[in-house]
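Accompanying notes for the structure given below.
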Amino acid sequence: MSTLYLYNSYNRQKEEFVPITPGHVGLYVCGPTVSGESHLGHARPYITFDVVNRYLQHLGYKVRYVRNITDAGHFEEEGREAEDKVAKKALLEMLEPMELVHKYTSLYHWGMRKFNNLEPSIEPTATGHIIEQINMIEDIIAKGFAYEVNGSVYFDVKKYAAQYPYGKLSGRVIDDLLETTRELEGQEEKRDRADFALWKKAPPEHIMRWKSPWGEGFPGWHIECSAMSSKYLGQRFDIHGGGMDLQFPHHESEIAQSTIAHGCAPVNYWIHNNMITIDGKKMGKAYNNVIKLTELFSGDHPMLEQAYHPMVIRFYILQTHYRSTLDFSNDALKASEKALRRLWEAYEVLQKLPLTDNASASDAELEQKILDFCQACADDMNDDFNTAKVIANLFELAPVINGIKGGQIRADAISQSAQQLMLDTFHTYLESILGLQPLQQNDDSKLDSVLQLVIEMRREARARKDYAASDKIRDMLAAAGIQLKDEKDGAVSYSID
RNA sequence: GGUAUCGUGGCCGAGUGGCUAGGCUCAGCUCUGCAAAAGCUGCUACAGCGGUUCGAAUCCGCUCGAUACCUCCA
């Protein structure tokens, strides 16, 4: 098994990945709050960690991938107004909370399938784990790190920070957090401003409520992930992922809760993906600049010049390293579309290329170049999942493939094993690990039959030098989004936009 | 205000102190009835100013600029 190095946010450095149980990996990723439609920003973590999951499996690990659904809704942490997002939206849309959750969960799953993300092993919901959350809160109270006030329960950050490195993950200075500089409503319940809620008393009008030892209420924002990750992955597991914006306070609080409840830090490796920005600003509801997935795929949004295929989005995201910000623009997306199309066509050409029977290569330099770029794919994935470089390596092979087909490269230039290696590399990296798919599925055999007929008619026209007729066929097909390509050997292929 | 991160050629973007990242665009050429596709060639950049070094986009310092988190957030 080759050695994987990944950037651990907790220690701010690349570290060799060593699983707790040899051959097995526990992976937890913060899922969406299903109180609204998923947007482009949400696509990034789920595609990023889908590739992480796929790559770990490729390395031979048995991965248990847990990705939650937050269906209980977060509430305003500072208690200005206890507000449950799900409940609030449900009222607005005149839906039962469960109805609303169902609607957006379905849409989210639809988006995940479009992106060709593999399903997680377990997709637990917050509302399905109220008991586990209550148990964990009771445990933390029993250990003296949480206190109840008026039916709500808060975590004692000050006490925790005295013994543990609270703020290490997010680079926070605890003294700054403990300083009360702002007066916030509802703040008086907490002993300290930095404390966070484990359980919140439900006001009378609140629809989502559960019975607890502290009265009717609902769980705090952070406790669900701690309760569910420990239930399915154990008290200490390998990798926890999520967006960088969750580092504080969400993940910091997860660490604190779990450390008290279980006596150990919950996670060995923290991985955080960076944000998608638009005009340099983070895409998010608060900025009013989101592009929903449905809009992205249909092109129905003022900022979109065209519709973008889910695979184009996936490719666009993977062309950038996951820890860099990624700025949205139509130009960037259009460039990605062209690039993916070209790369995929090279892969298709490679698949159709007859396998040479050369035992050795006549062009040793080219042969070596192929071996190097194929090997580099493994090295680059092992270097903190550098998908951008993997894609660049594959692009280096495209001219070789096209050159062999076009005759610019001699048929005996490379060996059979090198050709086979390219085939394996494209299949493994482009399809299995990056999870990319063709932009259009040529599964319509009837359409193909018709096009073959048209191509034959054009061939006949060209044979009798009736170029007016042959060009008319070509132009009309082009207008319909079907592009003909005359190969050097006289064969004709086509691609559909 | 505090804490971080980042500033790369027309655009997007990778980058381990020394070797052409890659993609898109653009220009020229080859092939082609013409195009398209494909191939070849060209476009050598690292915010600014200092410093360390034989050598820095890469390390250090300062300046300027941008963003993120500190409230919900992927």
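Everything quoted here is computed from the prediction, not taken from an experiment. Note on naming: letters A, B, ... go to the chains in the order of the sequence lines (proteins, then strands), and numbering restarts at 1 for each one.
Stacking annotation: A:Tyr467 is stacked on the base of B:G33 (ring centroids less than 5.5 angstrom apart, interplanar angle below 30 degrees).
With B:A36, B:G39, B:A14 as the choices, the nucleotide that has an atom nearest any side-chain atom of A:Lys485 turns out to be B:A36. Side chain of A:Glu396, nearest nucleotide from B:C11, B:G22, B:A74: B:G22.
Ring to ring, A:Trp110 and A:Phe297 are close: their centroids are under 6.0 angstrom apart.
Using cut-offs of 30° and 60° for the angle between ring planes, the A:Tyr55 and A:Phe385 rings count as perpendicular.
Between A:Phe248 and A:Lys281, the residue anchored nearer the 5' end of RNA chain B, judged by the nucleotide with its closest heavy atom, is A:Lys281. The nearest heavy atom of RNA chain B to A:Lys389 and to A:Gly171 marks one nucleotide each, and the one closer to the 5' end goes with A:Gly171.
Because its NZ or CZ atom is not both nearer than 6.0 Å to the ring centre of A:Phe49 and within 45° of the ring axis, A:Arg67 does not count as a cation-pi partner of that residue.
Atom CG of A:Leu366 and atom P of B:G39 are 13 Å apart (whole Å). Following rounding to the nearest Å, A:Arg458 (CZ) and B:G33 (C1') show an atom-to-atom distance of 11 Å. A straight line from NZ of A:Lys14 to P of B:G15 spans 7 Å, rounded to a whole angstrom. Rounded to whole angstrom, the span from the CD atom of A:Glu487 across to the P atom of B:A36 amounts to 15 Å.
For A:Asn386 and B:G15, a side-chain-to-base donor-acceptor distance below 3.5 Å is absent, hydrogens and geometry of angles not being considered. Between the side chain of A:Arg474 and the base of B:A35, at least one donor-acceptor pair of N or O atoms lies under 3.5 Å.
Using modelled atom types, one finds a donor on one side chain and an acceptor on the other under 3.5 Å when comparing A:Asn393 with A:Asp380.
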